[in-house]
Chemist: 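Have a look at this one.
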Amino acid sequence: MITYIATDSNKSMFGNLIPFLIGFALLAAGGLSFALHAMYVGHHYTFGTTREVPWGLLVTPYFFFACMATGLCIISSLGQVFQIEAFKSLVPRTVFLAVVTMATGLMCIMLELENPWRVGLYSMLSPAPSSNIWWKTTIYSFFLMFMVFNFLSLVLHKEKQARIFATIALVMVLMGILNMNSDMSLLGTRGFWSENYMPIYFVTVSTLTGCATLLFFGWLSKINGGQQESEERRVTNKAVSRLFMILLFGLLYFSGVKVLGGFFPQATQNPEAMFLLVKGNLSLNFWVAEVGLAVLFPLVIILGMKGKNEVWQAIAGLSCLVGCFVLYYHLVIAGQLIPHYYQYHVVGLPEYYPYSPSLHEIMVSVGSVFFFLAAFVAGEMIFKKISFK
Amino acid sequence: MKKNTINVKELEEKASEDTEGISSMERRKFLGFGLTITGLFLGGSVLSLTSSNPSFAGIRGGKALVADYPYSPHYTMVIVQNHCIGCERCLDACRTTNHVPDGGYRTDILERSVPVSPDENERVFMPILCNHCNEAACVRVCPTKATYKDKKTGIVRMSIERCIGCKTCMTACPYNARYFDEAKRAIDKCNFCVDTKLKESGGKITACAAACPANVRMFGDLTDPETEAYKLIHAPGKALWVLRPEKNTMPNVFYTNASLSSAH
Ligand code: SF4
C-alpha cells in the first residue's frame, strides 16, 4: 500500500506558482526556439560540432536527464516494487519526476538530430536491431509510456496496477543501462566508452543523480509547502541521504579509477582520453566539477551534517547535479577529441580536435533545463490539487 | 600434412621492429580481418595476405581462419602509398564526379612525417577514404539502416531519405570517412563511385583511381584475378597493411609500398 504525501498549500514560500510556471515556460520556449532555427538552417551553420567532433553539448542533457530518470525509477522501485518502507512515501513524486526527466531527455536528443521528423517513420519501417541507439530510443520511449501509466495508476489509487507498470519500467530502464554501455563501447572505435566497469558506473551515477534530484527538489517542494514536516518524511529523507552517501563513495571510487588511468596508461583501455581528462585540457573541469562538485563537496556536507540539515542536503544535491552534468559532458566529448590518425605522424594534425559549444547549443541546453523546471512547477501544482492521503 | 600456419605465441615473441608501435595484441587482432595470412614481415608490423589456399591458412587464437570474400564482385582498393606525390588530382576528380559540396570531402590526402631514424623523418603522402569495412562500425550503429553494406558488392552505401542525422556513424567511424551534407540533409561518403564513375565504366574503376597519374589507387575486385588490386594482394611476399587494425573493422582498403625495403 502506497502512502501518499500530505500537502499544505497555505505554507508556500513562493505563494502563487503560476508566474513561475509561465516564466520557466517562456525561458524554455526561448531556448528551444534556437533548436528550431538550427534545424531550419542546418547544424553546420549553428552548432560547434564538426566532422571530427560530431556529438556536442546537446548530447549531454540527453544523457543527464535520461540517466536521472533511470535513477529516479530505481529509487521509486525501492518503495513501489521492493516495498521498502522508508521509500514508499517518495513514490508518487519520484515517478512524476522520472516521467518529466525522461521526457526532457528524449526532447533533447530529438533536438540534436538534423532530421527528427524521420525518426518515427524509419525507426519502425527500417528498424536496426544491431544498433544500440535504436534499442535505446525504443526502450526509453516505452519506459516513458509505462512510467506515465504508472503515475496515472497512482493518481487513480490503483496501486496494484501501478506496481506492475513500475516493474516493467524498472526492467526496461536496466536494459537501457546495459544498452547504453554497449552502445558507447561500439563508439569505442573512437576510444573512451569501452571501459569494462561502465554498466556499474552508469547504475551508480544514475541512482546518485536520482538521489541528488530528490534531495534538492524535495527541499524546494517542502519550502513551497508541497510536503509537510512529519516523522515519515524525516525517515524517508534520512534513507535517501544515506543512499546518496553510499553512492558518493561509489563515484569516488570510479573517479579514483579515472585518475589512475590518467596517470598510468596501462590501467585503462582509453589512455589518451583519460590523460586528456585527468592531466590535459579537460583537467580543470575534471578536478573542479567531476571530483569537487560531484563527489567531495557533497560528501563532506553529508558526512558533516549526518542527515540533519535539509538545506545543506539540498545544496549537496545541487552541487552533485552540476558536477554530474560536467561528468556526462566529458563522457561525450573526451574520446572524440582524440584525432583519428593520431598514431600516424600526420603533419598539421592538432594534438586534440577543438570543440566548444555554440550559442545555439548552449541556449537549447539551457532551454531544456527550464523545460524541466517548468514541468517540475506544473507537477507541484498538480500535487497540490490532488488530495493525497 | 603439416600446415604452414602462423603461431600466435610465436608472433607475440617476435622482436618488434615496427614503426607504428603496433603491439602484439593489436597484431593478433590484425589477423582477424578476414584474409588468409601467409607471412609476417618487417618485425610484425605488416602481414602478407593470400587467397584461401587451405595449405596456407593462418590462425587466430589457435584456430584456422578460412579466408573468404563474401561479395561478388568484392570491391577493394590497394593504395601504393610511396607512389603518391600529393598532387590531389584524385580529390578534384572525386569532388567533380560526385558533386561533393565545399567544406566536405569523400577522400583526402594526409601528409605524414614518419621517423626513419632518431634524427631523420621521411615525408609520405597517405590517401584516405572509406574503408568499406566488412565489420563496419557505421553500419552497425545506424538506427534506421540509412547506411548499409551493399549485399552484392560490399560497398558501404547510403540511403539518404532514411538518414535522421544523428551522426552516430560519424562518431563511430575510426577513419573520419563521413560528413553531413546539409544540402542533402544526410550523410555523404565515398561509395566507390557506384552511382557515377564505377557505373559508367562497367564496374572497372573509380573517379579517384582514374585520375591518379601515379597509379597509386589500384581499384579492383578480390574475386577477379585479372584486376591489378587482386594481383597486388595475392602476390607472394607482398607486404600489405590496413589502417587502424586494432579497431577490428576488417577494411577492404589496403596499403602497400612499391618496394619492400621502404618502411610504411
Ligand atoms: S547520421 Fe544517418 S547514416 Fe549516420 S547513423 Fe544516423 S541515421 Fe544512420
Side-chain angles (χ1 to χ4, degrees), chain A residues 39 41-45 47 49-56 59 109-110 112-138 182-184 186-191 193 332 335-336 339-349 353, chain B residues 19-22 101 103-105 110-115 121-126 128 133 136-148 159-183 185-187 243-244 246-249 264:
Chain A
M39 212 179 286
V41 295
H43 293 182
H44 176 70
Y45 307 103
F47 282 10
T49 49
T50 56
R51 176 182 182 127
E52 287 76 21
V53 185
W55 279 2
V59 180
I109 200 63
M110 282 295 170
E112 206 265 339
L113 304 178
E114 296 254 11
N115 309 317
W117 56 89
R118 291 181 185 163
V119 175
L121 187 63
Y122 288 107
S123 55
M124 281 191 293
L125 284 187
S126 178
S130 71
S131 161
N132 297 88
I133 294 277
W134 180 82
W135 277 108
K136 196 165 62 178
T137 319
T138 311
S182 5
D183 159 10
M184 297 307 154
L186 254 191
L187 300 185
T189 45
R190 297 290 296 276
W193 288 83
V332 175
Q336 291 184 80
H340 295 78
Y341 293 102
Y342 71 95
Q343 317 107 307
Y344 285 81
H345 311 284
V346 175
V347 178
L349 193 71
Y353 287 137
Chain B
T19 52
E20 306 291 349
I22 297 173
Y105 60 87
L110 301 181
E111 188 181 347
R112 301 173 59 203
S113 176
V114 185
N121 280 21
E122 188 188 21
R123 288 276 163 151
V124 178
F125 293 106
M126 185 171 86
I128 54 162
C133 310
C138 57
V139 173
R140 276 170 78 185
V141 299
C142 179
T144 55
K145 294 189 184 156
T147 190
Y148 63 98
S159 163
I160 58 172
E161 70 285 350
R162 277 190 248 161
C163 178
I164 60 170
C166 63
K167 299 180 183 168
T168 315
C169 54
M170 287 168 71
T171 315
C173 174
Y175 303 108
N176 194 15
R178 307 178 143 248
Y179 70 97
F180 193 83
D181 184 337
E182 292 290 350
R185 287 206 87 107
I187 294 290
L243 297 184
R244 310 201 66 189
E246 76 281 5
K247 297 300 176 193
N248 265 343
T249 51
H264 67 281

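Heavy atoms only: backbone and side chains are in, while hydrogens, waters and symmetry mates are out. Residue numbers begin at 1 in each chain, while the letters A, B, ... track the order of the sequences. What you see is a predicted model, and the numbers here were worked out from it, not measured in a lab.
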Chemist: Just how far is it from atom CD of B:E122 to atom NE2 of A:H345, taken to the nearest 0.5 Å?
Modeler: 11.5 Å
Chemist: Counting heavy-atom pairs under 4.5 Å with chain A, which one of B:G103, B:C163, B:A186 comes out on top?
Modeler: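 The residue among B:G103, B:C163, B:A186 with the greatest pair count is B:C163.
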Chemist: Going by salt bridge (charged side-chain N to carboxylate O under 4.0 Å, His left out), name the residues that satisfy it together with B:E161, two or more places apart in sequence or in a different chain.
Modeler: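 For B:E161, no residue satisfies salt bridge (charged side-chain N to carboxylate O under 4.0 Å, His left out) once neighbours in sequence are set aside.
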Chemist: Out of B:G165, B:S159, B:G104, which one racks up the most heavy-atom pairs below 4.5 Å with chain A?
Modeler: B:G165
Chemist: Among B:I164, B:T144, B:I128, who wins on heavy-atom pairs under 4.5 Å with chain A?
Modeler: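 Ranked by heavy-atom pairs under 4.5 Å with chain A, first place is B:I164.
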Chemist: Enter the distance from A:Y341:OH to B:R112:CZ here, rounded to the nearest 0.5 Å.
Modeler: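 Rounded to the nearest 0.5 Å, the OH-CZ separation comes to 11.0 Å.
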Chemist: Ignoring hydrogens, what is the shortest heavy-atom contact between A:V347 and B:R123? Give both atom names and the distance.
Modeler: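 Nearest heavy atoms, A:V347 then B:R123: CG2-NH1, 3.4 Å.
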Chemist: Heavy-atom distances under 4.5 Å only: say whether B:F125 touches chain A with side chain, backbone, both or neither.
Modeler: neither
Chemist: Quick check: closest heavy atoms across A:H340 and B:N176, and the distance to 0.1 Å?
Modeler: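 Looking at all heavy atoms of both residues, the shortest contact is CD2-N, 3.4 Å.
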Chemist: With rounding to the nearest 0.5 angstrom, report the CD1 to CZ distance, B:I160 to A:R118.
Modeler: 7.5 Å
Chemist: Between B:K145 and A:A128, what is the shortest heavy-atom contact and its length?
Modeler: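 The answer is CG-CB, 3.9 Å.
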Chemist: Once side-chain hydrogen bond (donor to acceptor under 3.5 Å, both in side chains) is applied, do any residues pair with A:S126, and if so which ones, sequence neighbours excluded?
Modeler: B:R162
Chemist: State plainly whether the residues A:E114 and B:K167 are in salt-bridge range, i.e. N to O under 4.0 Å.
Modeler: yes
Chemist: Indicate the atoms forming the closest heavy-atom contact of A:M39 with B:R185, along with that distance.
Modeler: O-NH2, 2.8 Å
Chemist: Could you grab the distance from atom CD of B:E182 to atom NE2 of A:H43, nearest 0.5 Å is fine?
Modeler: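 B:E182 atom CD to A:H43 atom NE2 measures 7.5 Å (nearest 0.5 Å).
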Chemist: Give me the atom names and distance for the closest heavy-atom approach of A:W55 to B:T168.
Modeler: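 Between these two residues, the closest heavy atoms are CZ2-OG1, 3.5 Å.
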Chemist: Under 4.5 Å from any heavy atom of chain A, what part of B:A183 do you find: side chain, backbone, both or neither?
Modeler: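 For B:A183, neither part sits under 4.5 Å from chain A.
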Chemist: Quick one: what part of A:T138 sits under 4.5 Å from any heavy atom of chain B, side chain, backbone, both or neither?
Modeler: neither
Chemist: At a 4.5 Å cut-off on heavy atoms, which part of B:C142 comes close to chain A: side chain, backbone, both, or neither?
Modeler: backbone
Chemist: Of the non-hydrogen atoms in B:P143 and A:S131, which two are nearest, and what is the gap between them?
Modeler: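 In terms of heavy atoms, the two residues are closest at CA-OG, 3.4 Å.
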